[in-house]
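Taking it in order: structure first as structure tokens, then the write-up.
Keep in mind the model is a prediction, meaning the values are calculated, not measured.
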Amino acid sequence: MLDTAWVRDHLDLLERALRDRGAQVSLDEFNSLDEARRKVLREVETLKARRNKASEQIAALKKDKKDAAALIDEMRGLGDRIKELDAKVAAIDASLEEWLLTVPNVPHESVPRGKTSEDNVEVRRRGQPRKFDFKPLPHWEIGARLGILDFERAAKIAGARFAVYTGAGARLERALINFMLDLHTREHAYTEVLPPFMVNTKAMIGTGQLPKFADDLFRVEKTDYWLIPTAEVPLTNLHREEFLDGKQLPISYAAYTPCFRSEAGSYGKDVKGLIRQHQFNKVELVKFTVPEDSYETLERLTRDAETVLERLELPYRVVALCTGDLGFASAKTYDIEVWLPSYEAYREISSCSNFGDFQARRASIRFRRGQGAKAEFAHTLNGSGLAVGRTLVAILENCQRRDGSIAIPEALQPYFGGKEIVAT
RNA sequence: GGAGAGGUACCGAAGUGGUCGCAACGGGCCCGCCUCGAAAGCGGGUUGGGGCCUAAACAGCCCCACGUGGGUUCGAAUCCCACCCUCUCCGCCA
């Protein structure tokens, strides 16, 4: 959410930013609401000031055992008028809030301008895509042959876009989760968190999933609970409506959670395999920083996520998303893309973003630099470290052998408890 | 799910209709005095949001907030209603 006063003073800047994003937002609506609000507010506050004065006088009169009937009489009716105007302000406030909650974040100046993912800019590339001396199989075929992935039975018990992992498949997924969590907590100093997998509406508003993107979420019927689409939601909201101690910043959290996404509107996309599922596992990284450090921190967080791929010896590249491809709440995003032989392309496996104070404003996450210092909004960041299912896909496809077996990357072997997966 | 207790500032806690958000009192923290320095003692300070005024202001004036939302009243932390959360006991349950 943007700051009302900031919007008021930076209309031209905001207009340009929204155009870069390709967002449709009416600034006129903001102007008229904002002006109307301040006008009514001035009126009702004047009345309230008079009422407060009169109350004092009535109290003083009564204390001296004098007659206050005249004044009380005069005040009668003022209360109703105030109530009326208060309701008016509340109505305008609600509209203004709705407007503010649906306006996306302003991109950082370092974000490349562009319309679609075509305009994203590759930042770096690590590792070489392997040259196969046989035709590499897509992971769903590998999974079927090895008997470790079962999409048919998943469809039976749940539906499309679900998977059942069995045997070495399930073990590999679990090994990846543990490997990632250990790496980030032991070597990158993140604090491990195991949060609820359902959150309330307030939390979803705090990180920006609501009110705009309800269609992407699963909601638990007859409750105020939503299934989390990413651990970003519970982790960032951990400090909702809190004051953090500036000396404690940055705060870094890492969490494994399943993620639930409706994938509405993605019919026909990635229908085969594990790439796009209603439920998938992810290790998520979340950081809270002071404003002046957040962009430097984004570089570090992205590096932390990349380290997973480096240790697993998987080729990848990092791209800076352009203004048109940026997520709603993000001020700047790097996507990490892993090489997938069956697609002959790099596919997203992590998205690392700096939200600036956008989420902090919505969720009221503030900090003080010291005793008695003024309150400031913290900056929030997050990134996948990594999407576990897609990492498993990358291993199956990149580490497959001619005989159909899988060579487990060395770093993962202690977690997996073996060096390879062979058909049983 | 049932019964009871409670949600007040950084923490504890008082306040049950009248100048109380300059919300008592303790504690903490910050500043000053004292001291060679510290402790003790003494004095002062210590919430957030919004509006007005400003070139701007953490300068001034004003409004709002005592879990949340309504209601009663000239006036609500205080009375009434609904809801949320925490704690204790009972029931059910992995």
Measure the acute angle between the ring planes of A:His188 and A:Tyr190, then classify it against the limits of 30° and 60° as parallel, tilted or perpendicular.
perpendicular
Please work out whether the ring planes of A:Tyr343 and A:Trp140 are parallel, tilted or perpendicular, with thresholds of 30° and 60°.
perpendicular
Please state whether the phosphate of B:rC64, meaning OP1 or OP2, lies under 4.0 angstrom from any side-chain nitrogen or oxygen of A:Asn52.
yes
Nearest whole angstrom, please: distance from the [atom2] of [N] to the [atom1] of [X].
{"X": "A:Lys83", "N": "B:rG69", "atom1": "NZ", "atom2": "P", "result": "15 Å"}
{"X": "A:Lys374", "N": "B:rG49", "atom1": "NZ", "atom2": "P", "result": "10 Å"}
{"X": "A:Lys247", "N": "B:rC30", "atom1": "NZ", "atom2": "P", "result": "9 Å"}
{"X": "A:Arg51", "N": "B:rC63", "atom1": "CZ", "atom2": "P", "result": "10 Å"}
{"X": "A:Glu241", "N": "B:rA65", "atom1": "CD", "atom2": "P", "result": "18 Å"}
{"X": "A:Arg369", "N": "B:rC58", "atom1": "CZ", "atom2": "C1'", "result": "14 Å"}
{"X": "A:Lys202", "N": "B:rG69", "atom1": "NZ", "atom2": "C1'", "result": "12 Å"}
{"X": "A:Arg81", "N": "B:rU73", "atom1": "CZ", "atom2": "P", "result": "19 Å"}

Using atom [atom1] in both nucleotides, what's the gap between [N] and [M] to the nearest angstrom?
{"N": "B:rC66", "M": "B:rA24", "atom1": "C1'", "value": "15 Å"}
{"N": "B:rU88", "M": "B:rC31", "atom1": "C1'", "value": "44 Å"}
{"N": "B:rG4", "M": "B:rG17", "atom1": "C1'", "value": "28 Å"}

Modelled atom types, side-chain donor and acceptor of [X] and [Y], under 3.5 Å:
{"X": "A:Tyr253", "Y": "A:His184", "value": "no"}
{"X": "A:Tyr334", "Y": "A:Glu299", "value": "yes"}
{"X": "A:Glu306", "Y": "A:Tyr316", "value": "yes"}

Just to be sure I understand the rule, does [X] reach a base, reach only the sugar-phosphate, or reach nothing, if contact means heavy atoms closer than 4.0 Å?
{"X": "A:Lys48", "answer": "sugar-phosphate"}
{"X": "A:Ala54", "answer": "nothing"}
{"X": "A:Arg8", "answer": "sugar-phosphate"}

The side chain of A:Lys62 lies closest to which of these nucleotides: B:rC62, B:rG18, B:rU19?
B:rG18
Which of the following nucleotides, B:rG48, B:rU19, B:rC74, is nearest to the side chain of A:Ala59?
B:rU19
By the Watson-Crick or G-U definition, both distances under 3.5 Å, B:rA94 is matched with none
Charged N to carboxylate O under 4.0 angstrom, A:Glu397 versus A:Arg347?
no
Within residues 35-45 of chain A, find the residues that approach RNA chain B with a heavy atom at under 4.0 Å, and present them sorted by residue number.
A:Arg37, A:Arg38, A:Leu41, A:Arg42, A:Glu45
